[in-house]
Amino acid sequence: MEQWIEKIEHSRDLEELEQIRIELFGKKGYFAQEFQRLKELPDEEKPGVAKELNSAKNRLYELIQRRKDLLLAQEIQRKMAQERLDPSLYDPKEFKGALHPVTYTLDRIIEYFLALNYAIESGPLVEEDFYNFEALNLPKHHPARDMQDTFYFRDGKLLRTHTSPVQIRTMEKQTPPIRMISPGPVFRRDYDLTHTPMFHQVEGLMVDEKGEVDFSNLKYILEDFLKYMFGDVAVRFRPSFFPFTEPSAEVDISCIFCEGRGCRVCSQTGWLEVLGCGMVDPNVFKAVGYENVSGFAFGLGVERFAMLNYRIPDLRILFEGDLRLLEQFR
Ligand code: DAH
């Protein structure tokens with residue numbers, strides 16, 4: 001009896017316990033044999049032994065039952081511990097993502113102008129003709145509208161083709177002095193090696209009393225900015241045309257691939273065009289009701305900056321979401 005109790009108490013799992021149960025209560029088990037032997041005893045001893053056997057049987061049966069409950073509970077505990085989800089577990093070798101090169105470039109641009117106390121302004125992506133064109137000195141049927149292949153809605157609204165409309169919205173709401181940049185997505189019907197239908201621009205605007213802001217301020221800031229972005233490059237201003245600025249310029253940096261010697265990327269010129277700028281056209285000030293002010297504006301494409309910075313040959317791969325690209329920018 002004692003040895004059976006011992007066996008039950010020391011069983012390690014349900015399987016072992018079931019084995020003991022069979023040894024005890026099975027057809028050829030311990031009790032079956034004991035009851036068999038009962039027949040051979042003298043009649044007067046039978047009732048006493050039978051009673052003992054029955055009480056031992058009940059006791060052991062109950063012990064097995066209790067042991068079973070315990071083992072079952074332990075089993076569940078063990079499984080729960082094994083399968084527990086630990087959200088703090090992490091593998092430092094696991095790929096954790098990275099900032100998109102365009103985001104990183106945009107952050108750097110913003111950082112520069114924030115340091116100069118420029119405010120960050122934004123405007124709607126679905127824009128009105130007035131803000132995207134008209135107020136920027138681009139009246140209807142002006143040929144320069146064709147420079148920007150526009151997505152139109154049926155009601156006459158459009159997807160903004162540049163961030164310049166934010167200039168207008170900001171000047172409408174505020175009074176000079178103004179110092180702002182406006183980063184954000186813009187949209188054009190274009191798709192090839194160097195154009196995607198959506199890309200990002202940063203617009204810049206500085207306006208103050210007439211005579212307070214002139215071309216030399218523009219030149220100084222943009223030169224300093226481009227050296228901040230691209231390192232020790234040469235910067236040149238080339239006369240150009242934009243409807244919203246007069247005079248206007250396009251700005252080049254010396255080619256960062258060949259250091260100005262001439263290569264395929266710069267079409268052997270030694271220069272790369274990186275932004276447009278100029279003094280705000282008087283017609284633009286007229287559209288927002290400003291008088292006796294002067295100011296400069298500039299606009300740049302963030303993807304172009306990212307491509308130059310990271311030597312990315314095809315603009316489109318920036319938008320394919322391929323993790324193999326992003327993994328390189330950690
Ligand atoms: N809005 C022009 C474009 O998308 C970029 C630009 C050029 C903005 C000159 C300016 C500027 O503010 O002065 O092509």
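First listed ligand is number 1; within each ligand, the first listed atom is number 1. As a basis for the values below, the full set of heavy atoms in this structure was taken, side chains included, without hydrogen atoms, waters or symmetry mates.
Remark: ligand 1 atoms within the under-4.0 Å shell around heavy atoms of A297 are 12 (O), 13 (O). Every atom of ligand 1 with a heavy atom of T245 under 4.0 Å away is listed here by number and element: 13 (O). In the vicinity of S164, heavy-atom distances shorter than 4.0 Å reach the ligand 1 atoms 1 (N), 8 (C). Remark: ligand 1 atoms within the under-4.0 Å shell around heavy atoms of G278 are 13 (O). Close approach to Q201 involves these atoms of ligand 1, each under 4.0 Å from a residue heavy atom: 3 (C), 4 (O).
Judged by distance alone, with hydrogens and angles left aside, the side-chain atoms of E303 form a donor-acceptor pair with the main-chain N or O of H200 at under 3.5 Å.
In the model, Y310 has no side-chain atom that pairs as donor or acceptor with a side-chain atom of Q328 under 3.5 Å.
Taking only nitrogen or oxygen atoms, main chain and side chain alike, Q167 reaches within less than 3.5 Å of ligand 1.
Closest approach of G123 and V166 over heavy atoms only: N-CG2, 3.8 Å.
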Legend entry - Derivation of the side-chain contact (heavy atoms from CB on, under 4.5 Å) call for V186 and T161: CA-CA 5 Å; V186 300; T161 57; 6.0 Å; no
Inset, instruction - Please step through side-chain contact (heavy atoms from CB on, under 4.5 Å) for the pair V202 and L106, ending with a clear verdict. - result: CA-CA 8 Å; V202 175; L106 194 51; 3.6 Å; yes
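In this structure, F244 counts as a contact residue of ligand 1, since one of its heavy atoms falls inside 4.0 Å of the ligand. Note on ligand 1: R188 sits in its first shell, one or more heavy atoms being nearer than 4.0 Å.
Following chains of ILVMFWY side-chain contacts shorter than 4.5 Å, one can reach Y220 starting from I181, so the two form part of one hydrophobic cluster.
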